[in-house]
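Notes for the one structure printed next.
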There are 2 protein chains.
Amino acid sequence: MDIADTAGAGARPGLRERKKQRTRDALLRAALELFATQGYEQTTVDEIAEAVDVSQRTFFRYFAGKEDVALFSQRIAESHFLAAVRERPPHEAPLEALRMAVLEGWDTIGEAVDAVVPIELHMRTFQLIESTPALLAVHLRRSAELEEEIARVIAEREGLDVDADPRPRVAVAVFGGVMRVTGRLWGAGEDSSVEAIRELTASYLDHVGPALAEKWRTE
Amino acid sequence: MDIADTAGAGARPGLRERKKQRTRDALLRAALELFATQGYEQTTVDEIAEAVDVSQRTFFRYFAGKEDVALFSQRIAESHFLAAVRERPPHEAPLEALRMAVLEGWDTIGEAVDAVVPIELHMRTFQLIESTPALLAVHLRRSAELEEEIARVIAEREGLDVDADPRPRVAVAVFGGVMRVTGRLWGAGEDSSVEAIRELTASYLDHVGPALAEKWRTE
DNA sequence: TTGTCAACTGTCAGTGGCTGTCACTAGCCT
DNA sequence: AGGCTAGTGACAGCCACTGACAGTTGACAA
């Protein structure tokens, strides 16, 4: 038994492991920085690798592909949100739980992401994704996968079988639809702050009821 | 003035045009057939071109890329659905109009698509899209674009400004969310018939109300 | 009919994302 | 100290896609 093995959370991984972590980190930041300044398509993998002074081959050993780097911090945000949903008190109605989870997710996104990437860069990357067709496509597919997971969580909360009762998936799909619109609109807008998308989300969720009403005209 | 010019709808385009049409058609069918039998990723553009006996370069003159061919008949289906929405009587509530449009869209999908591709092949391709990550991603992005267009149509129906009132986009997003789930579930299931997805769609749309309810447990 | 023009096509060369292979270097562990 | 192996670079190769150029073939007028 070794000291490092007993050090618990503060365990210092070996030199090899630390080096790996540094390389992955450097690649990630270099990539996002390049994407943000030159655009995604205008940046080649060779450039990213060169900026970190490793071979292109090594880049592909750390990331599955160019898209993978671009969407890396998004993945963290996704699991952050998923965790928030799981922690919602069981007495809340499904849609209320989802609503609270996103809002709280946005409030605490900083702590979750900052360890890997500065939030400001994360948000700029989010905007980049919304305006880059190739990235948006993959992002949407992954969102669909996330929705499936969330649907299972909701079903469990309510003690239902996802495959037997359509409501979990429908509820999550409805919710996901609204999230997508807000993401798009936020990305197209000027204000790239976290607060901006948080408020937009809250506002749009409030309009789900009215949007489903039979008659929209009030007079 | 030429006979061909006066023949109206039955106008016979020149030989050159006919040849082009035949090539495009041959490429499309060859591609879909190959995709259906070997899978999308296992099929190279060279194979498709070779099957039609044209150069690879020519393939790219007809289609923007490999994805483009795979999603070609989908595009027709999309505009078919969009047209159906536009033709809905103005007295229907937004969500009702959307619901009717899809259902009617499925009922008449045959006439719309068959001119270019046999429906059976079209439906098989749809399933292929759902099970091929790269295609699904692009499909979802295009669906998002379609939603934007539909939101404008809905806004116009109701005499609203899309950018001022959130309801059109929210309503369409909700609807789109449900459509996506049904598409996914249908794709994962056994029955690849048009009727199957039509019924699934109708059923899931009926569950939007219940899914948004405060309490799901009835007892 | 013939000749000119423009559209369509094939060939070739090249870029960029991505993968397999293999030899070599450098942490790790005894 | 020395063997083991994870991690890396160099190289070769596949595939989607693009630009450039030259050859071919319908379209159209003289």
Side-chain angles (χ1 to χ4, degrees), chain A residues 1-7 11-28 30-31 34-35 38-72 132-135 137-138, chain B residues 1-7 11-28 30-31 34-35 38-72 132-135 137-138:
Chain A
M1 187 172 280
D2 191 322
I3 295 179
D5 291 348
T6 61
R12 184 93 168 299
L15 171 58
R16 190 178 253 161
E17 203 59 35
R18 272 178 287 147
K19 233 175 169 179
K20 251 174 45 176
Q21 193 55 48
R22 244 185 297 144
T23 306
R24 159 175 263 107
D25 226 66
L27 280 171
L28 177 60
L34 284 169
F35 292 161
Q38 317 179 347
Y40 176 75
E41 268 129 16
Q42 285 67 46
T43 305
T44 67
V45 174
D46 283 312
E47 268 180 294
I48 301 169
E50 199 171 355
V52 183
D53 207 60
V54 295
S55 71
Q56 192 216 49
R57 196 68 186 81
T58 294
F59 171 91
F60 285 108
R61 288 196 178 99
Y62 282 97
F63 298 97
K66 208 174 140 188
E67 290 167 350
D68 196 39
V69 219
L71 299 173
F72 194 83
T132 306
L135 290 179
V138 179
Chain B
M1 186 172 278
D2 191 323
I3 295 179
D5 291 349
T6 62
R12 185 93 167 298
L15 170 58
R16 188 176 255 162
E17 203 59 34
R18 273 178 286 146
K19 235 174 166 177
K20 252 173 46 175
Q21 193 55 49
R22 244 184 298 143
T23 306
R24 160 175 262 106
D25 226 64
L27 280 170
L28 177 59
L34 283 168
F35 292 160
Q38 315 180 348
Y40 175 75
E41 268 129 16
Q42 285 66 47
T43 305
T44 66
V45 174
D46 283 312
E47 267 180 294
I48 301 169
E50 199 172 355
V52 183
D53 207 60
V54 295
S55 71
Q56 192 216 48
R57 197 66 186 83
T58 294
F59 172 90
F60 284 109
R61 288 198 177 99
Y62 282 98
F63 298 97
K66 208 174 138 187
E67 289 167 351
D68 196 40
V69 219
L71 299 173
F72 194 82
T132 306
L135 290 180
V138 179

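Every chain is numbered from 1 and lettered A, B, ... according to where its sequence line falls, protein lines coming before strand lines. No experiment lies behind these values; they were computed from the predicted model shown.
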Rounded distance in Å - [atom1] ([X]) to [atom2] ([N]):
{"X": "B:Phe59", "N": "C:dT11", "atom1": "CZ", "atom2": "P", "result": "17 Å"}
{"X": "A:Phe60", "N": "D:dC15", "atom1": "CZ", "atom2": "C1'", "result": "13 Å"}
{"X": "B:Arg22", "N": "C:dC8", "atom1": "CZ", "atom2": "P", "result": "14 Å"}
{"X": "A:Lys20", "N": "C:dA26", "atom1": "NZ", "atom2": "P", "result": "18 Å"}
{"X": "A:Glu67", "N": "C:dG16", "atom1": "CD", "atom2": "P", "result": "17 Å"}
{"X": "B:Gln21", "N": "C:dC8", "atom1": "CD", "atom2": "C1'", "result": "15 Å"}
{"X": "B:Arg18", "N": "D:dT25", "atom1": "CZ", "atom2": "C1'", "result": "14 Å"}
{"X": "B:Phe63", "N": "D:dA16", "atom1": "CZ", "atom2": "P", "result": "15 Å"}

Across the strands shown, which category fits B:Tyr62 at heavy-atom distances under 4.0 angstrom: base, sugar-phosphate, nothing?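 Since only primed, P, OP1 and OP2 atoms lie under 4.0 Å of B:Tyr62, the category is sugar-phosphate.
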
Should A:Lys66 be listed as having a side-chain N or O under 4.0 Å from OP1 or OP2 of C:dC18?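 Answer no for this pair, as no side-chain N or O of A:Lys66 is under 4.0 Å from OP1 or OP2.
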
Got [X] and [Y] here, is their nearest side-chain heavy-atom distance under 4.5 Å?
{"X": "A:Leu28", "Y": "A:Phe63", "value": "yes"}
{"X": "B:Phe35", "Y": "B:Leu135", "value": "no"}
{"X": "A:Thr58", "Y": "A:Arg61", "value": "yes"}
{"X": "B:Ile48", "Y": "B:Thr43", "value": "yes"}
{"X": "A:Arg18", "Y": "A:Gln21", "value": "no"}

D:dG7 base to A:Arg57 side chain: any donor-acceptor pair below 3.5 Å?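 Result: no qualifying N/O pair found.
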
If you pin B:Arg61 and B:Lys19 to their nearest nucleotides in DNA chain D, which one's is more 5'?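 This one resolves to B:Arg61.
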
Given DNA chain D, 5'-ward residue of the pair B:Gln56 and A:Asp53, judged by closest heavy atom: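 Result of the comparison: A:Asp53.
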
Just by distance, do the side chain of B:Tyr62 and the backbone of B:Asp25 share a donor-acceptor pair under 3.5 Å?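 No.
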
Stretch residues 38-46 of chain B: residues that reach within less than 4.0 Å of DNA chain C through a heavy atom: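 Heavy-atom cutoff 4.0 Å gives no residues at all.
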
Tell me if the CD atom of A:Glu47 is crowded by more than 12 foreign heavy atoms within 6.0 Å.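 It does: A:Glu47 CD has more than 12 such atoms within range.
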
